[in-house]
Trainee: 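Have a look at this one.
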Amino acid sequence: MARKEDGLTSPTTQSTADEKEVLTPNNDAMNATGTGWRKLSEGDERRGAASGEEMQIELNETVATTRDTAKKADAGSGGASVSAAEMVEYKVYRRRWFGLVQLTLLNVIVSWDWLTFSPVASHAARYFSTDENTINWLSTAFLFAFTAITPLVIYVLHLGPKPSIVTSATLILVGNWIRYAGCRSGEKGLFGVVMFGQILTGLAQPFVLAAPTRYSDLWFTNRGRVAATALTSLANPFGAALGQLIIPFWVEGPGDVSRMVLYVSVISTVCALPAFFIPARPPTPVAPSSQTPKLSLISSAKFLLRQTEFYLLFVPFAIYVGLFNSISSLLNQVLLPHGYNDEEAGVAGALLIVVGLVASAITSPLIDKYKSYLLAIRFAVPIVGLCYLVFIWMPGTRDSGGVAGPYVVMAAMGAASFSLVPVVVEFLVELTHPISPEVTSTLAWSGGQVLGGIFIVVSGALKGEGGKMERALVFHAVLALVAVPLPLCLGCFGRGEKLVLRRVRSDEVEGRRGAEA
């Protein structure tokens, strides 16, 4: 069957409309695990199937019903038609890049909105006639808003990525201009109105931060999902880097705060408006796993409660995301008491993120190719913990080493942390398939946001004399080191069969069936 899309024709059952990428079946029955590719024996296949038996009960019933319906339709047509599964044509479409770019832009700007005031906390505090701890609550409230709306985010993403993206764009538009109105009201602004606008932008964040796995599952094959998830997920901290780097140059004193908020609002508007015009879904499935019936939300929750591997990934991911949120929000307050200025602190924050983005851009395609999720996690996690430990002493090296100490540690921390982000969120999807991707993604990010808010509050309370934050850095390091052993236990204690990449395997199985048909 040939089908024409985007001006191209795909004459085979499993091919792409653009790249002509063929989902070739593997006659050797390869199985993807977290440690890479290996051949499956029949015993391995039986163990892998048994490990997912409980989770597959509801899925099997759904698939069985679908197949029975297809068979009845075939019988009614006198055998003239083929089954529904055999008629499906798998393609990827050029238009997926429009949605991917838009999702990336929204993640950039919503993170910039988060750190609008943190890089110039002292100037913002004087402008609003308050103190820096109160300004910190703009960042903290933004993070807590994520958790408050998590159940709605999961529901909306269950409907598809476009409703979630449009919701986020709307909240970004409204929240930014309310913040600007609050800044322009009176001589010193209305802090309460600014806080309300900040909370609205905080409510916008989960709708796009949790969307990458859902979007890549719908629009990309398993050969490009990690890279697509990396691009859109890591755009979020890239927005934070832009905020930390650019905002200090816009604000030289308290009087510049309202003008800076205007600039951010205009940029946010430009980035948000195209969201209303992205395509909702591809005309045909891009891969077998993208059309696999997903478990209901209730069944998903029951399965995750009993899934040890989920917690071994979820807990450290939430801790490290929370620590990143905390250190990003407080970096100026960590460095300024030691003689650094706003610009130098901004460069440190930018290094944390930009080096991380470069590292992720290098590692993500390799992980996409070799599926070495577990190896990447075991390599990066200890480095992250070590960086938080070493950073305790870095702010105090200003007199002897200048800016080199904080810059080097921030760069190493960013490289290790950012390489982990797409690996963990995609690994969670693989291990829990056919749970819908937005469930694990939203829960993981929500945990990180709420912990980030808590860590900011606790760190503010740990300030010492002269506003120095050594005790807060010790607090960060202890948490980072405590989280290290958890992901290192994946696959240990006889649980190696739990690390089967179920979504990759689903694509391979359906590919073999299509070839045999």
Side-chain angles (χ1 to χ4, degrees), residues 34 48-66 143-161 163-164 167 203 205-218 229 233 289-322 373 424-454 483 486-487 489-490 495 497-503 505-506:
S51 67
E53 183 176 353
E54 292 182 0
M55 186 175 70
Q56 293 285 353
I57 291 176
E58 181 174 328
L59 174 65
N60 290 342
E61 292 175 352
T62 304
V63 173
T65 302
T66 304
L143 298 177
F144 284 147
F146 191 120
T147 306
I149 205 169
T150 291
L152 180 60
V153 172
I154 294 176
Y155 173 76
V156 173
L157 273 171
H158 214 62
L159 302 177
S164 185
T167 301
L203 293 174
Q205 187 188 41
F207 287 100
V208 287
L209 187 56
T213 54
R214 183 73 169 97
Y215 188 87
S216 63
D217 181 71
L218 186 65
T229 299
S233 297
S289 58
S290 65
Q291 63 172 352
T292 300
K294 302 298 191 289
L295 296 183
S296 68
L297 295 180
I298 295 177
S299 298
S300 299
K302 289 179 180 179
F303 172 75
L304 291 179
L305 289 174
R306 303 191 304 269
Q307 174 72 313
T308 302
E309 282 66 29
F310 170 74
Y311 293 104
L312 292 177
L313 287 170
F314 167 77
V315 173
F317 181 84
I319 289 175
Y320 289 141
V321 170
Y373 297 95
V424 173
V425 293
E426 283 293 322
F427 201 22
L428 281 170
V429 174
E430 293 289 350
L431 296 183
T432 59
H433 182 77
I435 289 178
S436 195
E438 73 274 1
V439 175
T440 53
S441 177
T442 306
L443 290 175
W445 283 113
S446 178
Q449 304 307 306
V450 69
L451 289 182
I454 293 171
L486 296 178
C489 292
L490 285 166
R495 298 183 65 86
E497 75 278 0
K498 300 291 184 179
L499 302 183
V500 172
L501 303 185
R502 303 179 187 279
R503 185 172 58 175
R505 185 173 183 178
S506 171

Trainee: Donor-acceptor pair, S436 side chain versus V439 backbone, under 3.5 Å?
Mentor: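 Not a single qualifying donor-acceptor pair exists.
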Trainee: How about Y155: does its OH atom have over 12 heavy atoms from other parts shown lying under 6.0 Å from it?
Mentor: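 No, OH of Y155 has 12 or fewer neighbouring heavy atoms, counting only those of other groups under 6.0 Å.
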Trainee: Working to the nearest 0.5 angstrom, can you tell me the gap between F317 CZ and S441 OG?
Mentor: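 The CZ atom of F317 sits 7.5 Å away from the OG atom of S441.
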Trainee: Might you point out which heavy atoms bring Q449 and L209 nearest each other, and give the distance in Å?
Mentor: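 Closest pair (atom of Q449, atom of L209, distance): NE2-CD2, 3.8 Å.
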Trainee: I'd like to know if the side chain of R502 and the backbone of L431 have a donor-acceptor N/O pair within less than 3.5 Å.
Mentor: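 Yes, the answer is positive, given that a donor and an acceptor are paired below the 3.5 Å cut-off.
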Trainee: Of all heavy-atom pairs between L157 and A210, which one has the smallest distance, and what is that distance?
Mentor: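 Closest pair (atom of L157, atom of A210, distance): CD1-O, 3.6 Å.
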Trainee: Should the pair F314 and F310 be assigned to parallel (<30°), tilted (30 to 60°) or perpendicular (>60°) ring geometry?
Mentor: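 Judged by the thresholds at 30° and 60°, the geometry between F314 and F310 is parallel.
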Trainee: Looking only at heavy atoms, which two atoms of L312 and L486 are closest? And how far apart?
Mentor: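 What the structure gives for the nearest pair is CD2-O, 3.5 Å.
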Trainee: Apply side-chain contact (heavy atoms from CB on, under 4.5 Å) to the pair V424 and Y320, showing each step before the final yes or no.
Mentor: CA-CA 12 Å; V424 173; Y320 289 141; over 6 Å; no
Trainee: side-chain contact (heavy atoms from CB on, under 4.5 Å) for R214 and S164? Distances and angles first, verdict last.
Mentor: CA-CA 10 Å; R214 183 73 169 97; S164 185; over 6 Å; no
Trainee: Walk me through whether I319 and L451 qualify under side-chain contact (heavy atoms from CB on, under 4.5 Å).
Mentor: CA-CA 7 Å; I319 289 175; L451 289 182; 4.1 Å; yes
Trainee: Tell me which one of T150, V156, L152 satisfies side chain to side chain contact (heavy atoms under 4.5 Å, CB included) with T442.
Mentor: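 The passing option is T150.
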Trainee: For I298, is the CD1 atom crowded, meaning more than 12 foreign heavy atoms sit under 6.0 Å from it?
Mentor: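 No.
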